[in-house]
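Comments concern the structure below.
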Amino acid sequence: MTQPNVLHAWKCLDQVQSQLHCTLEGSVRQLQSPEKFRDASKRLHEVLRDITPLEVEMFDSLERNLLENDDGKGSYMSRIWHALLMLEDELDVIAALGLIEGMCLLRYESKYHFRAKENFQTLLRFLDNPSPPVKLATLHCLEALLVDSAELTRVFERADGVKCVSALVLQPRGGDPQFHYVR
């Protein structure tokens, strides 16, 4: 590859990363606003769903930079987490849990937010929600967190996660049938 072609390729990569950053930053900022949450979460779901391997590397770089720069913003994961804690609408909670699940599957380091036992305990409280779809979204999120992570499995155990999930699965027959263990 000649010098001008390398420079052009570098500029194109920089432009793609800049566009990804603008999309992510704008959407994550809007997640903090309850009235804009739904549109922002849809946009983020689309970005995460359609992300290319190159963009995954760029996303990783952007997230690492956010963690290294102590500018008070926090990582994308921590901002999505804080937005989730403010939500009351069932569909918004499900969307936020889906974003957390996607980020954990997309980037292993996104799981680090849950090394704190308190964050795991807070996530487990969503299993107490009366809505079966919220419970199911929480289980999917837990699955994404625990896959390939012995460290988080230990945190999950210390947070009484096994007890919470077991209680949900072994509910009396009056509960939602999709959560019953087939014997």
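What you see is a predicted model; the values in this text were computed from it and never measured.
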| request: Count the heavy atoms belonging to other residues, nucleotides or ligands that lie under 6.0 Å from CD of E90, then report whether that count exceeds 12. | output: yes
| message | Tell me if the CD atom of E88 is crowded by more than 12 foreign heavy atoms within 6.0 Å. | response | no
Any side-chain heavy-atom pair of [X] and [Y] under 4.5 Å:
X	Y	answer
M77	R107	no
F59	M103	yes
V47	L20	yes
N129	V93	no
L97	L123	yes

| query | Is a salt bridge present between D60 and R64, judged by a nitrogen-to-oxygen distance below 4.0 Å? | reply | yes
| field | Atom pair CG (L62) and CD (E55), whose distance is rounded to the nearest 0.5 Å | value | 10.5 Å
| note | In this structure, CG of L152 is separated from CD of E157 (nearest 0.5 Å) by 11.0 Å
Identify whether [X] and [Y] are in the same connected component of the hydrophobic contact network (ILVMFWY, side-chain heavy atoms under 4.5 Å).
X	Y	result
F114	V134	yes
V165	I94	yes
L99	Y112	no
V162	L146	yes
L91	L31	no

Is the side chain of [X] donor-acceptor paired with the backbone N or O of [Y] at a distance under 3.5 Å, no angle test?
X	Y	value
E143	T138	no
S33	Q30	no
D160	K163	no
K42	F37	no
H140	E101	no
S61	E57	no

| task | Would you please test T122 and L84 for side chain to side chain contact (heavy atoms under 4.5 Å, CB included) and show each step? | result | CA-CA 11 Å; T122 303; L84 169 64; over 6 Å; no
| query | Relative to the ring of Y76, is the ring of H21 parallel (under 30°), tilted (30 to 60°) or perpendicular (over 60°)? | reply | tilted
| query | What residue pairs, at least two apart or across chains, pass side chain to side chain donor-acceptor pair (under 3.5 Å) with a residue in residues 144-153? | reply | Y108-S149
| field | Worked verdict on D128 versus K135 for salt bridge (charged side-chain N to carboxylate O under 4.0 Å, His left out) | value | CA-CA 7 Å; D128 293 333; K135 291 177 183 182; over 6 Å; no
